[in-house]
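Before any comments, here is the structure.
Reminder, nothing fancy here: chain letters follow the sequence lines and each chain counts from 1. Here the structure is a predicted model, which is why all the values come from computation and not from measurement.
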Number of protein chains: 2
Amino acid sequence: MSVANYRNQLLLGLSKADRRLLAPSLEPVELELRRSIEKPNTPITHVYFPESGIISVVATAAQQQIEVGLIGREGMSGTAVLLGDHRSPSDVYVQLAGTANRISTKHLTQALEASKTLRERLQRYAYVFMVQIAQTAFANGTAKIDARLARWLLMAHDRQDDDELFLTHEFIAVMLGARRPGVTDALNKLEGKGLITAERGVIRIVRRKGLIALAGGAYGVAEAEYARLLE
Amino acid sequence: MSVANYRNQLLLGLSKADRRLLAPSLEPVELELRRSIEKPNTPITHVYFPESGIISVVATAAQQQIEVGLIGREGMSGTAVLLGDHRSPSDVYVQLAGTANRISTKHLTQALEASKTLRERLQRYAYVFMVQIAQTAFANGTAKIDARLARWLLMAHDRQDDDELFLTHEFIAVMLGARRPGVTDALNKLEGKGLITAERGVIRIVRRKGLIALAGGAYGVAEAEYARLLE
DNA sequence: CGGTTTAGGTCCGATACCGCACACTCAGTG
DNA sequence: CACTGAGTGTGCGGTATCGGACCTAAACCG
């Protein structure tokens, strides 16, 4: 794959030199639905830069699961590696199929050693991801299901080109830490307001502005930080 | 202040050389209750290494406030600076009075440039703090108020020497994003189980194990990461 | 084409938590 | 020593969400 063809914004934002540094180690891979990217407390072997699709970072404990962050073509998995660790307590897997370029933890670590500018840029992303997680904590603590759903749909929508998201209520329920029927209700509510349309397995975003309003303060902060630091 | 006198574990864990690098720039300060450490979207002037007391990182939006992370003598404020930013979208202030050593953002940045080992160690802390925030997201999304309260009390207790926490229900309510009477109820529930005792303005931790059990999976993950990476 | 799987909708009672309001009580202050 | 204010306890109706179950409908498969 030629350098110019990357669609991952983090890779695209690198200097030519930094991109050349990573390019030989990058390996294109398919992101199949549900594919595991990181297992809790297990060494991270590769770090993924999605070209399309979405990767979820999910906290798991006592049979409970809930998404704490999500990664698309704007970012990368494995931020732990950027900060000197080689594992994480979270489960990380593909939530929306797509493609990615991945690099082995070893090669990435070497590249980070070799280039200060690379390190700085990727660490800025790590910071933005931290803000995203903080926003998730905020949303989970203060917002109702429909607002959290709106936030989630917006974040997913930001990470792909068209307006159709291929997801089931079941999966969304896990993401939000809610019951599946609760998600069904919330989706119907959003559809009733004309913000989305939904069919079996497909959700179509219709009015982003309405979704943003409904999400309240839970959406936008991390996105603004990203724009400020990485664009 | 002599090097040996630090009580902040992050400073204590540094190599002698790194401690010498920071020491001349460290300035002892009082952490008065409610003192502001960082304002949202305003340059971070100083980074604080608490010796005692607790600093809260609070996400604010649309008149809603909720704590996403908390910092005591095990850590430092201003993780954004470690990752190349100089502000953060969160409100950061003193939640439990104490003392700290602080360093200007400029001096810290210079020291991070000068010492790779310093940078690596502090960035590992930043990673642990990120895990803590993720746990908050988990707790907020899945746990009931009494479990979240138990988690919060445990985390505060970890960060001081004795068993008495001087807090009002009102402040805890803000931390948890709950109503004040909800906190009163939850505290009474914990007291009924013999896990704590409470008087006006004081909460005394009695049975940590019981609190940990009640907190479910919401407590312990970030603490384990800290032990693994920084002890 | 008929059977099976998977996704979605709906209904039930229970409950945790909310918003709001008000009463009590302890601790300091004039 | 009464007064005041902050901290705490309590009550009440309303509602979001839960846990569990069940039923329909679309898609898939031999």
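A salt bridge between B:Asp161 and B:Arg7 is present, with a side-chain N of the basic residue lying under 4.0 Å from a carboxylate O of the acidic one.
Counting only distance, with no hydrogens or angles, the side chain of A:Glu67 and the backbone of A:Val57 share no donor-acceptor pair below 3.5 Å.
Backbone-only contact: B:Ile145 has heavy atoms under 4.0 Å from sugar-phosphate atoms and none from a base. Using a 4.0 Å heavy-atom criterion, one finds that B:Gly201 contacts the sugar-phosphate atoms exclusively. Nucleic acid contact class of A:Ala178 (heavy atoms, under 4.0 Å, all strands): sugar-phosphate only.
As a whole-Å value, the separation of A:Leu176 CG from D:dA16 P is 17 Å. In this structure, A:Glu199 places its CD atom 16 Å from P of D:dA25, rounding to the nearest Å. For A:Gln64 and D:dG19, the CD to P distance is 8 Å, given to the nearest whole Å. With rounding to whole Å, B:Leu149 atom CG is found 13 Å from D:dT8 atom P. Counting to the nearest Å, the P atom of D:dT15 and the CG atom of A:Asp185 are 16 Å from each other. Here the P atom of nucleotide C:dT6 and the CG atom of A:Leu167 are 18 Å apart, to the nearest Å. For the pair B:Asn140 CG and C:dA16 P, the computed distance is 18 Å after rounding to whole Å. Rounding to whole angstrom units, CG of residue A:Asp146 and C1' of D:dT17 are separated by 12 Å.
Residue order along DNA chain D, read from the 5' end via each residue's closest nucleotide, puts B:Ala198 first among A:Arg179 and B:Ala198.
Residue side chain B:Arg180 reaches the base of D:dG9 through a donor-acceptor N/O pair under 3.5 Å, judged by distance alone.
In this structure, B:His169 does not reach the D:dG7 phosphate: none of its side-chain N or O atoms is under 4.0 Å from OP1 or OP2.
The listed nucleotides are C:dG9, D:dG20, C:dC20; the one nearest the side chain of A:Asn188 is C:dG9. Candidate nucleotides D:dT17, D:dG9, C:dT25 were compared by shortest atom distance to the side chain of B:Arg200, and C:dT25 ranks first.
In plain terms, the two heavy atoms of A:Glu38 and A:Ser88 that are nearest each other are OE1-OG, 3.7 Å. When all heavy atoms are compared, the tightest approach of B:Pro50 to B:Asn8 is O-ND2, 2.8 Å.
Side-chain contact annotation: A:Gln135 with A:Arg151, donor-acceptor N/O pair under 3.5 Å absent.
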